[in-house]
Amino acid sequence: MCDLDDAKVYQELRYELTRLATALVGPTEAEDVVSTVVARVLERPGGLIGLREPRPYLVKAVLNEGRSRLRRQRRWGLLPLGQSTHPTFTHGHDDLVDLVMRLPLQQRAATFLVYWEGHSPTSAAELMGCRPATVRRYLHLARKKLEEAVGE
C-alpha cells in the first residue's frame, strides 16, 4: 500500500498521465499503461515521493511504456505488418484526430504536449527527456505529414 504522499503525487498527475497515454496508445490501453508505470515506481525504494521530479520522470516512463506496448503488439501479431501502430478509437472522432493518431509515437507525443496541453517546446522537451530542438523537429515532421494527409 502506498503512503499518503505517494497517493497525493499520484492524484496530482493521474489525469495528465492518462491523457498522454490515451494520445499514445488509445483509450483502451491508457489506464493499463499508467498503472504499469506507477506500479513499477512504487516497487522502488522511496516510491513516487522518492523521485526528484515526478512529472518529467513519469511522462518519460509513460512514453517508454507506450512504445513498448506498441512494439509488443506488432511482435505478437496483434497488428498486421502493414498496419500503422496508431491506436483506434471506437467513438466518432473527427478526421484530424485520426490523422494525428497515425503519427509516429514521438511526433504524436510532441504534438499532444505542445498543441493540446499547451507546453512550450522547451517544457515538452523536459517532459520527454530530449532537447527542445528535437521537439521542434518532431513538430515540424508532424505538421508536414498532417499537411500532406489533408492535401490528399
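Computed from heavy atoms alone, side chains included, the values below leave out hydrogens, waters and symmetry copies.
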(request) Using the side-chain contact (heavy atoms from CB on, under 4.5 Å) rule, take Y57 and R52 through it: C-alpha gap first, then chi angles, then the decisive distance, then the call. (result) CA-CA 9 Å; Y57 182 91; R52 198 173 330 150; over 6 Å; no
(message) Less than 4.0 angstrom from a charged side-chain N to a carboxylate O is my criterion; do E65 and R69 meet it?
(response) yes
(request) List the atom of A125, the atom of P132, and the distance in Å for their closest heavy-atom pair. (result) CB-N, 3.4 Å
(request) For D6 and L48, work out which heavy atoms get closest and say how close. (result) OD1-N, 2.9 Å
(message) If you define the side chain from C-beta out and look only at heavy atoms, does anything of L63 sit under 4.5 Å from Q106?
(response) yes
(request) Verify the distance criterion only: is there a donor paired with an acceptor across the side chains of R143 and Y115 at less than 3.5 Å? (result) yes
(request) Run the numbers on E53 and E126 for side-chain contact (heavy atoms from CB on, under 4.5 Å), then give the verdict. (result) CA-CA 11 Å; E53 295 184 46; E126 288 175 20; 5.7 Å; no
(request) State, yes or no, whether a side-chain contact exists between S120 and V114 at a heavy-atom distance under 4.5 Å. (result) no
(message) Using the rule given for side-chain contact (heavy atoms from CB on, under 4.5 Å), can you reason through R108 versus L105, listing the C-alpha separation, both sets of side-chain angles and the distance that settles it, and then say yes or no?
(response) CA-CA 5 Å; R108 194 180 324 151; L105 188 81; 4.1 Å; yes
(message) Minimum heavy-atom separation for N64 and R67, please, with both atom names.
(response) OD1-NH1, 2.9 Å
(message) Could you check whether R19 pairs with E117 (Lys NZ or Arg NE/NH1/NH2 to Asp/Glu carboxylate O, under 4.0 Å)?
(response) yes
(message) If you compare all heavy atoms of V41 against all heavy atoms of L58, which two are closest, and at what distance to 0.1 Å?
(response) CG2-CD2, 3.9 Å
(request) Apply side-chain contact (heavy atoms from CB on, under 4.5 Å) to E31 and S35, showing your working. (result) CA-CA 6 Å; E31 288 185 14; S35 62; 5.8 Å; no
(message) Testing the basics here: between A110 and V135, what is the closest heavy-atom pair and its distance to 0.1 Å?
(response) CB-CG1, 4.2 Å
(request) For the residue pair E12 and V9, establish whether any side-chain heavy-atom pair is separated by less than 4.5 Å. (result) no
(message) If I take atom CE from residue M101 and atom OG1 from residue T22, how far apart are they, to the nearest 0.5 angstrom?
(response) 8.0 Å
(message) Using the side-chain contact (heavy atoms from CB on, under 4.5 Å) definition, which of the options V62, L13, V33, V34 pairs with L20?
(response) V62
(request) Answer with yes or no whether the hydrophobic clustering places L141 together with M128; edges join I, L, V, M, F, W, Y residues whose side-chain heavy atoms lie under 4.5 Å apart. (result) no
(request) Look at the side chain of D5 and the backbone N and O of I49, then say whether any donor-acceptor pair between them is shorter than 3.5 Å. (result) no
(request) Indicate yes or no: at least one non-hydrogen side-chain atom of P104 is less than 4.5 angstrom from one of K145. (result) yes
(request) Work out which heavy atom in V25 is nearest to a heavy atom in A30; give both atom names and the distance. (result) CG2-N, 3.9 Å
(request) Spell out, as yes or no, whether a donor-acceptor pair under 3.5 Å connects the side chain of S123 to the backbone of H119. (result) no
